[in-house]
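The analysis underlying the following values was restricted to heavy atoms, covering all of them including side chains, and did not include hydrogens, waters or symmetry mates. Below, read A as the first sequence line, B as the second, and so on, with proteins coming before strands; counting in each chain starts at 1.
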2 protein chains.
Amino acid sequence: MLSIGELSRRTNVKVPTIRYYEQIGLMPPPPRTEGKQRRYGADDVSRLNFIRHARDLGFDVEAIRELLELSEKPDQSCAEADRIARRHMVEVERRIEQLTALQAELRRMVEECSHDRVGECRVIQVLADHGQCAHERH
Amino acid sequence: MLSIGELSRRTNVKVPTIRYYEQIGLMPPPPRTEGKQRRYGADDVSRLNFIRHARDLGFDVEAIRELLELSEKPDQSCAEADRIARRHMVEVERRIEQLTALQAELRRMVEECSHDRVGECRVIQVLADHGQCAHERH
DNA sequence: CTACAATCTCTAGCAACTAGAGGTTCGAGC
DNA sequence: GCTCGAACCTCTAGTTGCTAGAGATTGTAG
């Protein structure tokens, strides 16, 4: 049996975060020692790795909750897991596009700056007047 | 003089958000009517547009605070504004790279899925085992 | 002058943690 | 067996940038 610190070291998830995951129901409440300290088993390591990996890939807690539930029913169709992953993929795609447009605007702003006084600073000017932006929306 | 609702309509910043900006010191406390309702002038419209635009470009409140301060000193060198914008640009760049790597991983995961049972689902498998990922870090 | 939309302040909530206070337990070394 | 310090415990509050309500007051059109 592992202490919470040992579990933390093996999964690279911080101790308070593990307790937090327990609190919000991502991790099941583990058995305790007589002194009320948490003790974990191999299953907990797997589950927490799963959570960690999904978080790293940007899934939110709700999605992870669903994915965890699914992973416990190996006989069910995986269409749902697919749907969750795809939905998230679309979200990420959208975010990348957004950031890329934004990046272009920022670059233009910085490149056009003459590095002189604030009064002539392109950065400040553009911020003050959206009309000077290349794109209508960001 | 504009009511807060009017200011909101002209800048596309929601009323509670305007009050919030006042609270955190991005917007100055405006004069009030006898009944304590806020009244705004043209300068406030400009300032709020500046803030809105900077937020849209992803600057955080602290950066905006600095940029606003700078914009009030037109004679100062704009090196600082440059620095802030560049710093932010680097951040955005990094975020895009991160998301792109993540996106690739997600796509691979979804594409390799056989759409069968959860037991064979690539999505679930990959999440459960980071070793099946193309990249070490994400 | 009345009705009602808009405003006011205040508190609490969101996501996903992180930080700290103040107290208890575990386990290695003697 | 005993001690001591690291690790653990619970609880509350803070982070960012808002958003959502409650319940009261004000502005204004008809």
Side-chain angles (χ1 to χ4, degrees), chain A residues 1-27 29-40 44 47-48 50-68 84 87-88 91-92 95 98-99 102 138, chain B residues 1-27 29-40 44 47-48 50-68 87-88 91-92 95 98 102 138:
Chain A
M1 298 297 263
L2 311 174
S3 70
I4 197 167
E6 211 18 60
L7 178 63
S8 167
R9 247 162 277 133
R10 296 202 191 181
T11 56
N12 281 312
V13 176
K14 288 178 191 157
V15 168
T17 304
I18 297 173
R19 287 196 279 250
Y20 170 70
Y21 286 159
E22 180 183 332
Q23 201 187 296
I24 63 171
L26 278 193
M27 289 295 287
R32 307 278 189 130
T33 63
E34 240 174 82
K36 308 215 172 195
Q37 297 198 357
R38 293 167 177 82
R39 285 300 114 107
Y40 294 95
D44 295 309
R47 192 182 177 93
L48 192 49
F50 186 106
I51 295 171
R52 159 102 214 268
H53 197 186
R55 284 295 301 134
D56 284 350
L57 285 168
F59 287 96
D60 63 25
V61 167
E62 251 351 275
I64 296 175
R65 210 186 292 277
E66 295 178 61
L67 288 168
L68 278 168
I84 295 171
R87 188 183 57 195
H88 179 49
E91 274 302 304
V92 172
R95 186 82 186 115
Q98 214 179 62
L99 285 176
L102 198 144
H138 38 232
Chain B
M1 298 297 263
L2 310 173
S3 69
I4 197 167
E6 209 21 58
L7 179 62
S8 169
R9 247 161 276 131
R10 295 202 192 181
T11 55
N12 282 311
V13 176
K14 288 178 191 153
V15 168
T17 304
I18 298 173
R19 287 196 278 251
Y20 169 70
Y21 286 158
E22 180 182 333
Q23 200 186 298
I24 63 171
L26 278 194
M27 289 294 287
R32 308 277 190 132
T33 63
E34 241 173 80
K36 309 215 171 194
Q37 297 198 359
R38 292 166 177 84
R39 286 300 113 108
Y40 294 95
D44 295 310
R47 192 180 176 94
L48 192 49
F50 187 106
I51 295 171
R52 158 102 216 266
H53 197 186
R55 284 295 300 135
D56 285 350
L57 286 168
F59 287 96
D60 63 26
V61 167
E62 249 354 272
I64 296 175
R65 210 187 292 280
E66 294 178 61
L67 288 168
L68 278 168
R87 187 183 57 195
H88 179 50
E91 275 301 305
V92 172
R95 186 83 185 115
Q98 212 179 61
L102 197 144
H138 38 229

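The side chain of A:R55 approaches C:dA16 more closely than any other nucleotide in the set D:dG17, C:dT18, C:dA16. Proximity note for B:T17 (side chain, C-beta onward) versus C:dT18, D:dT10, D:dC18: the nearest is D:dC18. Nearest nucleotide to the A:R39 side chain, out of D:dG17, C:dC26, C:dT7: C:dC26. Closest to the A:Y20 side chain, of the nucleotides C:dA16, C:dT9, D:dC18, is C:dA16. Proximity note for B:V61 (side chain, C-beta onward) versus C:dT18, D:dG17, C:dC8: the nearest is D:dG17.
Along DNA chain D, the nucleotide nearest A:Q23 and the nucleotide nearest A:G35 are compared for position; the residue whose nucleotide lies closer to the 5' end is A:G35.
A close approach under 4.0 Å does not occur between any side-chain nitrogen or oxygen of A:S3 and OP1 or OP2 of C:dC26. Taking 4.0 angstrom as the limit, B:R38 places a side-chain polar atom (N or O) nearer than this to OP1 or OP2 of C:dC8. Checking the phosphate oxygens (OP1, OP2) of D:dG27, a side-chain nitrogen or oxygen of B:T33 falls inside 4.0 Å. The phosphate of C:dT18 has OP1 or OP2 within less than 4.0 Å of a side-chain N or O from A:K14. Side-chain nitrogen and oxygen atoms of B:R32 include none within less than 4.0 Å of the OP1 or OP2 phosphate oxygen of D:dT25. The phosphate of D:dG17 has neither OP1 nor OP2 within less than 4.0 Å of any side-chain N or O from B:Y21.
Between the CD1 atom of B:I4 and the P atom of C:dT7 there is a distance of 7 Å, rounded to whole Å. A straight line from CZ of B:F59 to P of D:dG17 spans 13 Å, rounded to a whole angstrom. Distance CD (A:E62) to P (C:dA15): 8 Å, rounded to an integer number of Å. As a whole-Å value, the separation of A:K36 NZ from D:dC11 C1' is 15 Å. One atom, CG of A:D60, and another, P of C:dC17, lie 11 Å apart when rounded to the nearest Å. Atom CD in A:E34 sits about 16 Å away from atom C1' in D:dC9, given to the nearest Å. For the pair B:I24 CD1 and D:dC18 P, the interatomic distance rounds to 8 Å; values are reported in whole Å. Rounded to an integer number of Å, the gap from A:Q37 CD to D:dA7 P is 12 Å.
Of all heavy-atom pairs spanning A:L102 and B:D56, the tightest one is CD1-O, 3.5 Å. Closest approach of A:R55 and A:D60 over heavy atoms only: NH1-CA, 3.9 Å. Nearest approach of B:R47 to B:L26, heavy atoms of both residues: NE-O, 2.8 Å.
Taking the charged nitrogens against the carboxylate oxygens, A:E6 and A:R9 do have a contact shorter than 4.0 Å, which makes a salt bridge.
Without hydrogens or angle criteria, B:H88 side chain to B:L57 main chain gives a donor-acceptor distance under 3.5 Å.
Within the nucleic acid shown, A:R19 comes within 4.0 Å of at least one base atom, counting heavy atoms only.
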Give the intermediate values and the outcome of side-chain contact (heavy atoms from CB on, under 4.5 Å) for residues B:R38 and B:R32.
CA-CA 5 Å; B:R38 292 166 177 84; B:R32 308 277 190 132; 3.3 Å; yes
